[in-house]
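For reference, the structure discussed in these notes is given below.
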Amino acid sequence: MNADRQAVTVIGLGSMGSALAAALLDRGHPTTVWNRSPHKAGPLVDRGARLAPTPEEAVAASPLTIACVLDYDALYAVLDPGAESVAGRTLVNLTSGSPEQAHEAVAWARSRGADYLDGAILTTPPGVGSAEMMFLYSGSRAVFETHRPTLAALGDPLHLGTDPGLASLYDAALLGLMWSTLTGWLHGTALVTAEKTQATTFTPVAVRWLTAVAGFMTTYAPQVDAGHYPGDDATVDVQITAIDHLVHAAAARGIDNSLPELLKSAMLRAKATGHGSDSYASLIEVLRNPAGGN
Ligand code: NAP
């Protein structure tokens, strides 16, 4: 342990909480842990963590408590019985939830005299401790700045704003991006592997293509902010023609076409509302107005 490192408590030692506690131990933070099933603390105790007998004693052991349990019901189940122990301390909650749950948790902490930051983890446990991985935080900037050096042990800490719901909101948006991207990649992989190309052969080309796609996002973001979608690179009409090639090629190989059909239907709705000669970014209008009115 390192005397100039802040003492930290970690509540919740599932896959993620154990990785968080291990990263803190790696950086020399005196680390107290608690978990409903205490045997999960064994490997951490072997590395120098202190296992507290109760959540109250765990919270009381450190100025900063990081909680990472399954959901908010579990969080309150753990913290409510000894809630007076959080007074004068900081709770950083890395449990996944909704923006509304983050707002409720701020009120819960404030009414008990605790500072609160909400957070979201954009990696899996093996990535914890890497400065490449983003950890999103929202809530008081002063509380964030106070604890930033400790939070940096877990990954790159990004403060999104003082609205405590922002971390959960970004988390949901970014998971949606991940699932859409992964499913698009798997659909493409099903297509090329139908012709005896290995996934490992296709994927480096796909990854390189994602770099170009990221460039399109950067081009389109100001268009979305301006509500103006000049189709000077590629129009919705052109994309509708192009997606038919994908639908045809996949159907001919017996591959499920739900994803491209969904995308094509959004493009057709954009065209129907006058965006045929606009850029792909104009689909935001369809997403924002699914009922199709003006
Ligand atoms: P996990 O391995 O299933 O661990 C769940 C943790 O919650 C365990 O410590 C478990 O205690 C505790 N728990 C569940 N119900 C409880 C209850 N009623 N009372 C007290 N404790 C309870 O899950 P995880 O992967 O660590 O995920 C934890 C959180 O991190 C989730 O919100 C998840 O969405 C988020 N997260 C995970 C990842 C990931 O890649 N794993 C990535 C980003 C975010 P026991 O050990 O006693 O069961």
Side-chain angles (χ1 to χ4, degrees), residues 8-25 31-47 49-59 61-62 64-83 85-86 91-106 108-109 116-139 151-158 160 164-182:
V8 187
T9 288
V10 177
I11 299 266
L13 301 175
S15 315
M16 187 50 89
S18 292
L20 300 174
L24 291 162
L25 289 166
T31 304
T32 299
V33 296
W34 182 87
N35 193 53
R36 178 180 63 175
S37 309
H39 70 273
K40 291 188 184 169
L44 297 161
V45 170
D46 290 345
R47 296 183 49 193
R50 179 182 160 261
L51 174 62
T54 65
E56 300 88 289
E57 287 168 81
V59 169
S62 314
L64 172 65
T65 288
I66 296 173
C68 187
V69 289
L70 182 64
D71 55 20
Y72 277 68
D73 286 346
L75 180 77
Y76 294 124
V78 171
L79 293 181
D80 257 335
S85 64
V86 301
L91 175 62
V92 173
N93 181 24
L94 296 178
T95 303
S96 299
S98 68
E100 290 70 27
Q101 287 175 315
H103 282 277
E104 286 166 17
V106 174
W108 181 95
Y116 179 91
L117 271 184
D118 208 78
I121 303 169
L122 289 180
T123 183
T124 52
V128 172
S130 161
E132 299 295 311
M133 298 301 158
M134 294 187 288
F135 277 60
L136 308 181
Y137 297 97
S138 51
L151 298 175
L154 308 177
D156 184 17
L158 305 185
L160 301 176
L166 280 173
S168 292
L169 197 64
Y170 271 58
D171 190 35
L174 293 169
L175 285 172
L177 174 62
M178 178 187 76
W179 290 317
S180 303
T181 305
L182 285 176

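In each ligand, atom 1 is the first atom listed, and ligand 1 is the first ligand listed.
Counting heavy atoms of neighbouring residues, nucleotides and ligands inside a 6.0 Å radius, atom OH of Tyr170 does not exceed 12 of them.
Listed by chain and residue number, Arg112 satisfy the salt bridge (Lys or Arg N to Asp or Glu O under 4.0 Å) test with Asp80 (two or more places apart in sequence, or in another chain). A search for side-chain contact (heavy atoms from CB on, under 4.5 Å) contacts involving Ala22 returns Leu44, Arg47, not counting sequence neighbours. For Leu51, the side-chain contact (heavy atoms from CB on, under 4.5 Å) partners are Val33, Pro38, Ala41, Val45, not counting sequence neighbours.
Tested against Ile66, the residues Leu117, Leu91, Leu154 include a single side chain to side chain contact (heavy atoms under 4.5 Å, CB included) partner, Leu154.
For ligand 1, the 4.0 Å heavy-atom shell contains residues Gly12, Leu13, Gly14, Ser15, Met16, Asn35, Arg36, Ser37, Lys40, Cys68, Val69, Leu70, Ala74, Val78, Thr95, Ser96, Ile121, Thr123, Thr124, Pro125.
When only modelled atom types and interatomic distance are considered, Tyr137 and Asp118 share no side-chain donor-acceptor pair under 3.5 Å.
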